[in-house]
Number of protein chains: 2
Amino acid sequence: MAVITPERLSLNTATTRAQWKLDQAIEGCARHGFGGLSPWRDQLQALGAEKAARQIRDAGLAVSGLCRGGWYTAEGALTDAVLEDNRLAVDEAATIGAECLVMVVGGLPKGSRDLDGARAMIEEGLAKTLDYARTVGVKIAIEPLHPMYAADRAAVNTMAQALDICDRLGDGIGVAADVYHIWWDPEVKAQIARAGKARLMAFHLCDWLVPTTDMLNDRGMMGDGVIDIPDLRAAVEAEGFSGLNEVEIFSAENWWKRDPDAVMQVIIERAAGCC
Amino acid sequence: MAVITPERLSLNTATTRAQWKLDQAIEGCARHGFGGLSPWRDQLQALGAEKAARQIRDAGLAVSGLCRGGWYTAEGALTDAVLEDNRLAVDEAATIGAECLVMVVGGLPKGSRDLDGARAMIEEGLAKTLDYARTVGVKIAIEPLHPMYAADRAAVNTMAQALDICDRLGDGIGVAADVYHIWWDPEVKAQIARAGKARLMAFHLCDWLVPTTDMLNDRGMMGDGVIDIPDLRAAVEAEGFSGLNEVEIFSAENWWKRDPDAVMQVIIERAAGCC
């Protein structure tokens with residue numbers, strides 16, 4: 001398996017969100033020789049999607065994804081506002097030429113215990129967004145989130161569950177496989193194989209720290225935790241996945257406090273040495 | 001579905017571990033009309049298993065489980081010490097007439113990223129403990145732990161995974177189904193049905209709080225969180241499970257700080273109203 005060189009890396013801008021605005025992240029990726037980046041919508045909208053697209057293109061960067069659509073359950077029903085926001089996300093993904101629109105699908109509606117109902121709402125929302133995304137040629141990537149986020153972020157929690165949805169909805173939809181969310185799953189290898197090249201739309205890297213002190217913002221740099229990242233990378237590459245290795249680290253007490261150029265250097269070292 | 005009355009409740013003594021020693025918990029369960037309890041081994045050993053057995057019998061209480069054996073990976077290999085401690089746990093379970101010995105199987109060995117290897121070590125350990133448990137008539141209940149504990153507590157993380165192990169090992173082994181660990185699982189109903197009466201050895205209650213502020217010690221009282229407990233209870237009872245409803249709440253900042261008799265009263269009310 002080839003060592004990950006900088007041009008095979010993408011910066012998910014959540015990794016440097018405390019330090020860099022999107023234009024700085026674009027410059028940073030170019031300066032450090034990254035192959036691409038994956039912006040978040042709040043930063044993209046702050047800069048303007050058209051302007052961002054131009055800057056990204058001028059910097060010679062690819063866009064491994066746009067984070068994020070979804071949140072279908074946020075209003076307790078599949079409202080026009082939720083669906084319209086997802087159409088806008090599709091348009092933004094098209095504007096910047098993103099490989100996929102990453103979907104964090106939403107958890108239980110506030111006050112609800114109806115997990116099956118939430119999951120049905122999510123699937124209906126994904127189907128509607130997919131219908132539109134197909135018309136503009138944007139791919140939809142469901143990101144199964146770790147089960148500890150089932151209540152409040154995403155009620156799609158395993159690769160198998162995401163792929164079952166994909167199978168029901170057809171072409172143009174797949175998964176964003178983030179090692180943080182899937183590493184524990186006894187079925188992870190089988191489900192990566194089931195996904196295959198067509199459904200593997202993104203591959204996200206970070207690490208699971210022991211102990212983990214915060215359920216959201218204490219993700220680790222690759223090599224600092226317990227995930228066998230090379231093993232998972234080998235599995236996705238065996239299926240023909242050839243996208244960038246996207247680094248996404250939420251780290252309020254560590255990496256978000258460091259000099260971002262130093263963070264980029266550590267990413268490059270760890271990608272080469274631990275992934 | 002019948003309302004849960006106090007005699008259908010068991011107190012897992014972790015729920016009052018900050019307030020009561022085991023003899024006090026036994027008296028408390030009797031005083032509040034609980035049907036049984038499930039002690040932890042540290043408290044059991046502090047009182048003495050024979051003495052505890054006598055007190056429990058005299059109080060007319062059942063023992064829905066003994067917490068806990070397992071931790072097969074704690075020393076990085078399946079040592080004699082680990083296996084001997086599990087044989088002792090089996091003997092203690094026999095002494096107090098526990099319905100089952102609950103297994104928290106252990107996570108990744110310190111410094112390891114070999115999750116498959118840890119899982120193999122766990123299964124080998126379970127097989128050895130089961131061999132001994134069969135000779136003394138103690139049932140072994142694997143407790144699949146929430147995936148957020150895969151690294152540091154238990155690398156068996158779904159009902160399906162636990163039942164696959166049970167199927168390979170044969171009779172006398174099953175699962176302890178704790179709503180906290182399994183509620184998120186898209187397969188939970190199918191796996192409860194697969195388990196059936198023979199493999200459903202314990203049913204644990206608490207709730208998943210939103211937000212959860214601590215990954216270990218912020219479990220909720222039934223009704224305070226998002227788990228559809230009646231739905232899961234209906235599923236286990238549909239399979240013929242007739243054991244006690246065991247309440248196990250780790251709660252450093254809330255329930256462990258309250259008067260334990262008040263906690264018992266709240267358990268009784270919530271079991272009747274929310275479960």
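Below, chain A is the first sequence line, B the second, and so on; all start at residue 1. Just the heavy atoms: all of them, side chains too, but no hydrogens, waters or symmetry mates, feed the values below.
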May I ask you to list the residues in residues 226-234 of chain B that approach chain A closer than 4.5 angstrom, counting heavy atoms only, ordered by number?
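Hits under 4.5 Å: B/Val226, B/Ile227, B/Asp228.
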What residues of residues 267-275 of chain B make heavy-atom contacts with chain A at a cutoff under 4.5 angstrom?
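None at all.
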Indicate the atoms forming the closest heavy-atom contact of A/Met148 with B/His146, along with that distance.
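Shortest heavy-atom contact: N-CE1, 3.4 Å.
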List the atom of A/Leu115, the atom of B/Trp183, and the distance in Å for their closest heavy-atom pair.
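Where A/Leu115 meets B/Trp183 most closely, the heavy atoms are CD2-O, 3.5 Å.
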Please check if atom CG in B/Asp171 has more than 12 non-hydrogen atoms from other residues, nucleotides or ligands closer than 6.0 Å.
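No, the 6.0 Å shell around CG holds no more than 12 heavy atoms from other groups.
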Considering only heavy atoms, give the residues of residues 186-196 of chain A separated from chain B by less than 4.5 Å, sorted numerically, with 'none' for an empty result.
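Checking residues 186-196 of chain A against chain B gives A/Pro186, A/Glu187, A/Lys189.
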Using a heavy-atom cutoff of under 4.5 Å, enumerate the residues of residues 204-213 of chain A that contact chain B, numbered in order, or state 'none'.
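When heavy atoms of chain B are the reference, residues 204-213 of chain A contributes A/Trp208, A/Val210, A/Thr212 within the under-4.5 Å range.
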Output the distance between atom OG1 (A/Thr158) and atom CH2 (B/Trp184), rounded to the nearest 0.5 Å.
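Here the rounded value is 6.5 Å.
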Between chain A and each of B/Ala151, B/Gly107, B/Ala155, B/Ser112, count heavy-atom pairs under 4.5 Å; write down the option with the most.
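The candidate making the most pairs under 4.5 Å is B/Ala151.
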Counting heavy-atom pairs under 4.5 Å with chain A, which one of B/Pro147, B/Gly225, B/Ala160 comes out on top?
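Top count of heavy-atom pairs under 4.5 Å with chain A: B/Pro147.
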Region of A/Asp114 that comes under 4.5 Å of a non-hydrogen atom in chain B
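Interface part for A/Asp114: neither.
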